[in-house]
Number of protein chains: 2
Amino acid sequence: MSAGKRTPRRTPGIRDVAAAAGVSVTTVSHVLNDTPHTRTADETKIRVKEAAARLGYQPNRLARGLRTQASGMVGLVTEEIATTPHAGRIILGAQEEASRHNLTLAIINSQLNHAPEVGSREVQAFLDRQVDGLIYATVYHDVVVPPEELLSVPAVLIGARDIGGKIPSVMPDERGGAASVVEHLVAAGHRRIAFAATAIDVPATRGRLLGFRDGMLAAGLDPDEFVVEAEPEAAGGYAATHALLGAGRSSAARPTAVFCYNDRMAMGAYRAIAELGLAVPTDVSVVGFDNQDPIPTSLFPALTTVALPHYELGAAAVEAIIRLKTEGGADLPEASEPQLLSCPIVERGSVAAPVRGTAA
Amino acid sequence: MSAGKRTPRRTPGIRDVAAAAGVSVTTVSHVLNDTPHTRTADETKIRVKEAAARLGYQPNRLARGLRTQASGMVGLVTEEIATTPHAGRIILGAQEEASRHNLTLAIINSQLNHAPEVGSREVQAFLDRQVDGLIYATVYHDVVVPPEELLSVPAVLIGARDIGGKIPSVMPDERGGAASVVEHLVAAGHRRIAFAATAIDVPATRGRLLGFRDGMLAAGLDPDEFVVEAEPEAAGGYAATHALLGAGRSSAARPTAVFCYNDRMAMGAYRAIAELGLAVPTDVSVVGFDNQDPIPTSLFPALTTVALPHYELGAAAVEAIIRLKTEGGADLPEASEPQLLSCPIVERGSVAAPVRGTAA
DNA sequence: CTGAAAGCGCTTACAG
DNA sequence: CTGAAAGCGCTTACAG
């Protein structure tokens, strides 16, 4: 409609807007950015805005970034994202929180790294792009030794602590989540509660077992009576459950509930329970951990489990970045004390009161 | 060690390198970028490289991007990434392929959008960042109507076709994958093969059913005899399997294999089969689709299923972007014909020969 | 209330 | 073989 004589091939720049509005680029910049401490006549403002809208002007973020020394990007490096169930939700949480602050999230995957050293190639790639902040997400390490460059920009760790104590971190409160499961089971009337644990060396292993013990102790129960170890897979849960409920045990010596280290184990537990001719939750209650899609809702009855706050972890990480940027940084409390995000129980159908009341 | 009198607070720029090497920035740029059609004395090259290394010089990609009009970023907008199982693998494939080409992947999530219009806010956000290419990934639509701006840059769709036929796309060959399952089952000796289908309106539904029919027809079998519809969840697979194998049917009229629309349904099928006192795969073979972690390996016996090439989809999308950038674009064949990526069967333990040979 | 000018850190004709 | 200079598209003191 409002076509000039030739279609501008390039996308319009601030200069085009200035020309169209009959003002300087300075003025265009001020009105479009609402620069503080700047007065512009309302009539001028309107002219500028109209011109910008008419031309479909969109500021070039690269240019702005170069000038302001702020790219408006935050980089997320994830350690072997593909192997983490639901890493997608960490990314989503980080991305949406970033968007809320007008930031763009960029991603680089780091090879699974059994050494605790954070890949510095990945960090450097982001630094070259002048990211405003850096998030490093890991699942395999308690503690991580980040490359020195990481300190040159606001940074936060997900799921691990900085060995140097300089970089703040956010992590799931696995211990608290596990303790709350015991509490939940005790409230339902259980006293003989088993834990199907694992020996795999990841932070979650220790946290969940500790939480189980916290809960048992708090309820005045023996935390060691029904703990068995197995591999953290369905087969392990199957084996553990057979060991717990199988032949050797008299029914009065059997646990009435089994809390599994993860949902995959719970899946195996269901199968073992069915084989034993028992039913969930009537004969035995079971609880999982991870809320690992699609297990809990695909099991029958649906599995009560504990959710990992993946989305929240991602979002909290970028919130922390923002805080570091604005508040300055070095002296933030988070650096020393990791921020723990709670792991809520999601109740479904696998917990009920035990068949017969159990005496203390 | 080689410290000057004051630690440079800022990161070194090309000017610092030039000064350190005693040459012009032009020369530094040429040697560091290996600019073609340019001669530089070897001795000079060495001096420059040493100076760059000594200072730890890293070129500022923002500045380079502004100058070259190429940001070195490709943008991925995913539609509701979180709800797609394994969207993480699409991201991973795209990211790694991008890295191979020295590109960085940025991500924006788009709200799940039941209309086929692609969100133009997300696209615009990337355009503002001068991305070199744009990928739009969807799972809920066959065909999508992209905003006009999407054409202003090399773009490719994952999992959907452009209604305008201008944007190339890559998608999984669900139909071929389903057909190969039937072939696999026939080769194992099955002739009475059931399909637990669904009516949900997503592209996968039609493709898989079509593939099932292709396979049955190719084997000279009736494609309609054992098709039942159910919801695409464990409960649906359970119901469908009961309908297929349950009371009403004489054993000779029962299918010997059930191919489930997805792995969740297969999970329900296992449960129904166990309830019926039958065993997988001795009495009935079952095959899933999706290779949805952690189902296939958590089931006993492990589930034979069809894998979706998520990683490959992501990688192929950025490959297509690269091709569009170099080869020019508009006249590429992909634009009209989607690139189909094969969905391979992953054989595990849930298929065996049927108990008794079945006559034609 | 508005604008001319410098400059962010690079790359790239162009000249020598 | 090497360098001076322009310019990518913005923002921001500074001056008027």
Side-chain angles (χ1 to χ4, degrees), chain A residues 8-49 51-52 55-73 102 127-132, chain B residues 8-49 51-52 55-73 102 127-132:
Chain A
R9 207 66 228 109
R10 270 197 349 8
T11 133
I14 194 174
R15 237 163 8 217
D16 301 304
V17 178
V23 300
S24 71
V25 298
T26 303
T27 299
V28 174
S29 178
H30 285 153
V31 352
L32 262 24
N33 293 320
D34 259 321
T35 314
H37 313 306
T38 285
R39 329 237 115 263
T40 306
D42 286 348
E43 190 260 338
T44 308
K45 280 187 184 169
I46 293 177
R47 261 199 352 263
V48 169
K49 285 179 180 168
L55 298 177
Y57 170 67
Q58 296 285 140
N60 179 325
R61 300 289 251 108
L62 243 45
R64 185 205 303 236
L66 180 59
R67 180 57 233 245
T68 61
Q69 304 287 53
S71 64
M73 298 206 311
N102 240 298
L127 258 19
D128 294 353
R129 290 209 134 66
Q130 317 295 117
V131 292
D132 295 343
Chain B
R9 207 67 227 109
R10 269 198 350 11
T11 132
I14 193 173
R15 241 168 0 223
D16 302 304
V17 179
V23 299
S24 71
V25 297
T26 304
T27 298
V28 174
S29 178
H30 285 152
V31 351
L32 261 23
N33 293 319
D34 257 322
T35 313
H37 313 306
T38 286
R39 330 236 113 263
T40 306
D42 285 349
E43 189 261 338
T44 309
K45 281 189 184 169
I46 294 177
R47 258 196 357 260
V48 169
K49 286 180 179 167
L55 298 177
Y57 170 67
Q58 296 286 139
N60 179 325
R61 301 287 254 111
L62 244 44
R64 185 203 304 236
L66 179 60
R67 179 57 232 246
T68 61
Q69 304 286 54
S71 64
M73 298 206 311
N102 240 298
L127 259 19
D128 294 353
R129 285 201 177 324
Q130 317 296 114
V131 291
D132 295 343

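Throughout, a chain's letter reflects where its sequence line sits, starting with A, and its residues are numbered from 1.
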Indicate whether OP1 or OP2 belonging to [N] is found under 4.0 Å from a side-chain N or O atom of [X].
X     : N     : answer
B:T27 : D:dT2 : no
A:S24 : C:dA4 : no
B:Q69 : D:dG9 : yes

Worksheet, complete the sentence: For B:I14 and B:V25, the nearest pair of non-hydrogen atoms, with its separation, is CD1-O, 3.8 Å
Can any side-chain N or O of [X] pair as donor or acceptor with the backbone N or O of [Y] at less than 3.5 Å?
X      : Y     : result
B:D132 : B:S71 : yes
B:N33  : B:H30 : no
B:S24  : B:T27 : yes

Discussion item. Among residues 60-68 of chain B, which ones have heavy-atom contacts with DNA chain C below 4.0 Å?
Written reply: B:N60, B:A63, B:R64, B:R67, B:T68
Worksheet item: Among residues 37-45 of chain A, which contact DNA chain C at a heavy-atom distance under 4.0 Å?
Response: A:R39, A:T40, A:A41, A:T44
Between [X] ([atom1]) and [N] ([atom2]), how many Å, whole number?
X      : N      : atom1 : atom2 : result
A:R47  : C:dT2  : CZ    : C1'   : 11 Å
A:R15  : C:dA4  : CZ    : P     : 13 Å
A:L55  : D:dG9  : CG    : C1'   : 15 Å
B:I14  : D:dG3  : CD1   : P     : 12 Å
A:R129 : C:dG9  : CZ    : P     : 17 Å
B:D16  : C:dC10 : CG    : C1'   : 13 Å

Are there any protein N/O atoms within less than 3.5 Å of an N/O atom in nucleotides 14-16 of chain C, and if so, which ones and at what distance?
none

For residues 57-65 of chain A, please give each side-chain donor-acceptor pair under 3.5 Å, one per line with the distance, not counting sequence neighbours.
residue : atom : partner : partner atom : Å
A:Q58   : NE2  : B:D128  : OD1          : 3.2
A:Q58   : NE2  : B:D128  : OD2          : 3.1
A:N60   : OD1  : A:L62   : N            : 2.7
A:N60   : OD1  : A:A63   : N            : 3.0
A:R61   : NH2  : A:N102  : O            : 3.1

Fill in: Identified side-chain contact (heavy atoms from CB on, under 4.5 Å) partner of B:V23 from the options B:V31, B:V17, B:V28, B:T40
B:V28
Worksheet item: Roughly how far, to the nearest 0.5 Å, is CZ of B:R39 from OG1 of B:T44?
Response: 13.0 Å
Discussion item. Any non-hydrogen side-chain atom of A:D42 less than 4.5 Å from a side-chain atom of A:K45?
Written reply: yes
Worksheet entry | Intra- and interstrand pairs of DNA chain D - dot-bracket, Watson-Crick/G-U under 3.5 Å, | marks other strand | |||.||||||||.|||
Worksheet item: Does A:R129 have any salt bridge (charged side-chain N to carboxylate O under 4.0 Å, His left out) partners at least two apart in sequence or in another chain, and if so, which?
Response: none
Item to complete: Test B:M73 against B:Q130 for side chain to side chain contact (heavy atoms under 4.5 Å, CB included), laying out the working first.
Response: CA-CA 8 Å; B:M73 298 206 311; B:Q130 317 296 114; over 6 Å; no
